[in-house]
Every structure is written in C-alpha cells, then in structure tokens.
Amino acid sequence: IESGVARKDIMIASKLSHNKNYGEGVTTDAFYDTLDNLGVDYIDIYMLHGAIGDKKRLREAWQELEILYRDGKIKYLGVSNFGPGDMDQLMEYAQVKPSFIQNKYDPFTMGQQTP
C-alpha cells in the first residue's frame, strides 16, 4: 500500500507474541513473517511480548533478536509485560539491552500489575 509517506518517516512497532515463536530458529522465522506481512525491510521497535516460563527458549529468542538488531533488521529491541524478576534475568545475558519497555498499567485493575 502506498501512502506517499517515506518509510523513514514512519515508526513501526511489533511484538513476538506467541509462545511457539520463542526459541532457536523459530524466533527469526516469526520475525521475517512479520516483515513479509508488513511489506517492509526493517522494524523500528520489536519486543518480546512477555517472559515465557521456559527460560532457555526465552534466552534463545532474545539472542536471535540481538542478531537481527546487529543486522539492521530491528532498530530498537524491547520487552512487553516483563516483571522486575524477568528483567533481572534478561539483563544477566543480554548483550543488547532493551531500549523500550512496555507494561500495562490500568486504573480499572489496580493491584493486579507488577512494576
């Protein structure tokens, strides 16, 4: 779809959202599926949408995103819905630290979120 707006003037954010897409090999495939679906060459902000229970696959997913970041396919890495403990674990092995954090805070569900 042509909008008349240059790609460099648009900020695109997306997330790796499905548990099955976390892990060696599958994370990169899921990312490229997103690129194809959007019809773009890179994504500005790409996030892991939640820390899954399988910490090995979570680490593999982050490491694959770091490669995509170094290859210029992702401009900023981020996380979504990571609690403090999840962030501590990520920081233990992340060579590229997240530059974007998105968490839900909702006045209608007070007390149900963790910072």
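Worth saying up front: this structure is predicted, and the values here are computed from it rather than measured.
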Approximate separation, where rounding is to 0.5 Å, of S99 OG and M47 CE: 10.5 Å
Non-hydrogen side-chain atoms of I45 and M11 separated by less than 4.5 Å: yes
Over 12 foreign heavy atoms within 6.0 Å of NZ, K20: no
Whether E60 side chain and E24 backbone form a donor-acceptor pair below 3.5 Å: yes
Side-chain donor/acceptor of N37 to backbone N/O of D33, under 3.5 Å: yes
Residue pair V96 / R70, side-chain heavy-atom distance below 4.5 Å: yes
4.5 Å side-chain heavy-atom contact, W62 and T27: no
Interatomic distance, N21 atom CG to T28 atom OG1 [nearest 0.5 angstrom]: 10.5 Å
Atom of H49, atom of S17 and distance for their closest heavy-atom approach: ND1-OG, 3.2 Å
Smallest separation among heavy atoms of Y76 and I74, with atom names: O-CG2, 3.3 Å
Side chains of L38 and T34 in contact at under 4.5 Å (non-hydrogen atoms): yes
Partner residues of Y69 under the ring pair (Phe, Tyr, Trp, His ring centres under 6.0 Å) criterion, sequence neighbours left out: none
K73 charged N/C atom sitting above F31 aromatic ring, 6.0 Å / 45°: no
Flag if over 12 foreign heavy atoms under 6.0 Å of NZ, K55: yes
N/O donor-acceptor pair under 3.5 Å between N103 side chain and N81 backbone: yes
D71 atom CG, over 12 foreign heavy atoms within 6.0 Å: yes
Closest contact, heavy atoms only, M87 versus F82: SD-CB, 3.9 Å
Cation-pi geometry met for R59 and Y22 (6.0 Å, 45°): no
Check against side chain to side chain contact (heavy atoms under 4.5 Å, CB included), N19 and R57: CA-CA 9 Å; N19 190 312; R57 286 178 40 239; 2.6 Å; yes
hydrophobic_cluster_shared for Y42 and I67, side chain cutoff 4.5 Å: no
Test item: M91 and P98 side chains (from C-beta on) under 4.5 Å apart, heavy atoms: yes
Minimum side-chain heavy-atom gap Y46-L35 below 4.5 Å: no
Residue pair L58 / Q63, side-chain heavy-atom distance below 4.5 Å: no
Carboxylate-amine/guanidinium proximity below 4.0 Å for R7 and D44: yes
Any L48 side-chain heavy atom under 4.5 Å of L65 side chain: yes
Minimum heavy-atom distance between G23 and E64, given as atom pair plus value: O-OE2, 3.7 Å
